[in-house]
Amino acid sequence: MSVLLTGESVSRHFGGLRAVDEVDFHLGESEILGLIGPNGAGKTTLFSVAAGSIRPTSGRVLLDGKPVSGRSAHRSVHRGICRTHQIVRPFARLTVLENVLVGYHYGRPGPKLGDPRAEVMEILEFIGLADRADRLPGELTLAGRKRLEVARALATGPRVLLLDEVVAGLNPVEGGRFVELIRQIRDRGVAIIMIEHVMHAVMSLSDRVIVLDHGRKIAEGLPAEVANDPLVIEAYLGSEHEEGTDA
């Protein structure tokens, strides 16, 4: 598997706080990489650096071996890196279809070939929102709004998709459907890094898992290896993992 995205000694400091501290990571093509850790571990900050939203204090992120960090979020999107947000914020006065068209028109560089509406409707069909294309986002359930967030990201034509807690907050049935959707996105050739607190979701989906604690990487490996790492159990999973429940 060839490496698509690489982070080299990525650090991000806010004053004296080292939110991300010398973190190395890599993502292969069509791979799902799980990113876990307790609240305040630096997961979202690392996401923001990878997505181009904030500049690293030191280190760099590369796509296909070429630096992409610190060059603005819209340039990262045009290069093929797109992220979702934990708190979804669709354009409230635009329909579901129009929301995704925004991602299509502003997220893809260069001339647009084909029929944009037809391509967006194909994405909505895949996501499961085609029958709600003319609805406003406020008419959707939480699961529907999260699907809309993912659809808008997919409309940019990403090679790397950064998913921020898309399963969290959903009931078990909706969560199970989202897990399957993430697998289908990967099967379409999109590499994924996902932050997730629903342990059974991230452990069942991920090819590898990275664990952050206080901004530093404390473990990396196969899900089963990471789940049984004493440092991980102490820092994040704790007694709930030992008892077999979700964190």
Side-chain angles (χ1 to χ4, degrees), residues 1-10 20 23-37 43-44 46-53 56 59-85 100 103-104 107-110 112-114 119 122-123 125-127 147 149-167 178-196 201-212 217 219-226:
M1 179 186 301
S2 59
V3 174
L4 182 60
L5 189 72
T6 306
E8 297 180 345
S9 299
V10 176
V20 176
V23 173
D24 295 317
F25 67 89
H26 69 276
L27 177 70
E29 293 184 352
S30 298
E31 183 181 28
I32 298 178
L33 176 65
L35 183 61
I36 67 173
K43 304 182 298 296
T44 298
L46 184 60
F47 249 38
S48 297
V49 172
S53 302
R60 59 181 185 168
V61 178
L62 305 98
L63 180 69
D64 293 326
K66 299 178 182 178
V68 292
S69 51
R71 300 191 177 186
S72 78
H74 76 273
R75 289 190 178 184
S76 292
V77 170
H78 286 173
R79 289 286 302 275
I81 304 172
C82 192
R83 68 168 296 179
T84 68
H85 293 82
V100 183
Y104 180 91
R108 300 193 184 197
K112 310 299 187 295
L113 303 177
E119 292 194 38
E122 190 278 329
I123 293 171
E125 183 71 38
F126 169 69
I127 285 290
R147 285 177 179 267
E149 179 87 351
V150 175
R152 193 166 55 182
L154 289 178
T156 68
R159 300 174 62 201
V160 175
L161 183 60
L162 309 176
L163 299 177
D164 194 350
E165 295 197 37
V166 293
V167 179
F178 232 108
V179 165
E180 182 56 33
L181 176 62
I182 293 169
R183 287 197 182 98
Q184 292 172 355
I185 293 171
R186 188 269 306 277
D187 291 344
R188 286 189 164 204
V190 180
I192 295 170
I193 305 179
M194 59 182 297
I195 294 174
E196 192 55 66
V202 71
M203 291 299 185
S204 66
L205 281 167
S206 301
D207 298 297
R208 289 182 298 113
V209 175
I210 287 176
V211 187
L212 298 183
K217 182 170 69 173
E220 179 178 1
L222 299 175
E225 296 171 345
V226 167

task = Over all heavy atoms of both residues, which pair between Tyr104 and Glu119 is shortest? Give the atoms and the distance, please.
result = OH-OE2, 3.3 Å
task = Check the pair Ile36, Met203 against side-chain contact (heavy atoms from CB on, under 4.5 Å), reporting the backbone distance first and the verdict last.
result = CA-CA 10 Å; Ile36 67 173; Met203 291 299 185; 4.1 Å; yes
ask   = Nearest 0.5 Å, what's the OG1-CG distance between Thr84 and Leu162?
value = 8.0 Å
request  = For Val209 and Ser206, work out which heavy atoms get closest and say how close.
outcome  = CG2-CB, 3.8 Å
task = Enter the distance from Leu163:CG to Leu205:CG here, rounded to the nearest 0.5 Å.
result = 9.5 Å
key: Beyond-backbone contact of Arg159 with Asp64, side-chain heavy atoms, under 4.5 angstrom   = yes
key: Residue pair Ile185 / Val150, side-chain heavy-atom distance below 4.5 Å   = yes
query = Looking at Gly189 and Ser30, what are the two nearest heavy atoms and their distance?
reply = CA-OG, 3.5 Å
Within-4.5 Å side-chain heavy-atom neighbours: Leu27 and Val3 = no
query = Which atom names give the shortest non-hydrogen contact between Pro67 and Leu62, and what distance separates them?
reply = N-CD2, 4.0 Å
message = Side chains of Ser48 and Arg83, heavy atoms from C-beta outward: is any pair under 4.5 Å?
response = yes
message = Could you check whether any side-chain heavy atom of Val49 comes within less than 4.5 Å of a side-chain heavy atom of Val20, counting everything from C-beta outward?
response = no
request  = Apply side chain to side chain donor-acceptor pair (under 3.5 Å) to Thr156 and list each qualifying residue two or more places apart in sequence or on a separate chain.
outcome  = none
query = Which distance, rounded to the nearest 0.5 Å, do you find between the CG of Leu181 and the CG of Leu154?
reply = 7.5 Å
inquiry  = Does Cys82 form a side-chain contact (heavy atoms from CB on, under 4.5 Å) with Arg152? I'd like the steps, not just the answer.
reply    = CA-CA 10 Å; Cys82 192; Arg152 193 166 55 182; over 6 Å; no
query = Can you tell me if CD on Glu180 sees more than 12 non-hydrogen neighbours from other groups inside 6.0 Å?
reply = yes
query = Counting distance only, does the side-chain N/O of Lys43 pair as donor-acceptor with the main-chain N or O of Leu212 below 3.5 Å?
reply = no
query = Counting distance only, does the side-chain N/O of Ser69 pair as donor-acceptor with the main-chain N or O of Arg60 below 3.5 Å?
reply = no
query = Are any non-hydrogen side-chain atoms of Glu196 and Ile182 less than 4.5 angstrom apart?
reply = no
query = Does any non-hydrogen side-chain atom of Ser9 lie less than 4.5 Å from one of Asp24?
reply = yes
task = Rounded to the nearest 0.5 Å, what's the gap from CZ on Arg188 to CD on Gln184? Could you check?
result = 8.0 Å
Closest non-hydrogen atom pair, Ile123 against Ala151 = CG2-O, 3.8 Å
request  = Could you check Leu63 against Leu4 for side-chain contact (heavy atoms from CB on, under 4.5 Å), going step by step and ending with a plain yes or no?
outcome  = CA-CA 6 Å; Leu63 180 69; Leu4 182 60; 3.9 Å; yes
query = Can you check whether Phe25 reaches Leu35 side chain to side chain, under 4.5 Å on heavy atoms?
reply = no
inquiry  = To the closest 0.5 Å, what do you measure between CG (Leu5) and CG (Leu33)?
reply    = 9.5 Å
ask   = Any donor-acceptor pair under 3.5 Å linking the side chain of Arg108 with the backbone of Ala155?
value = yes
query = Which heavy atom in Val179 sits nearest to a heavy atom in Ala201, and how many Å separate them?
reply = CG2-CB, 3.9 Å
message = Applying side-chain contact (heavy atoms from CB on, under 4.5 Å) to His85 and Asp164, what does each step give before you reach the verdict?
response = CA-CA 5 Å; His85 293 82; Asp164 194 350; 5.6 Å; no
From CD (Glu165) to OG1 (Thr44), nearest 0.5 Å = 7.0 Å
key: More than 12 heavy atoms from other groups under 6.0 Å of CZ on Arg183   = yes
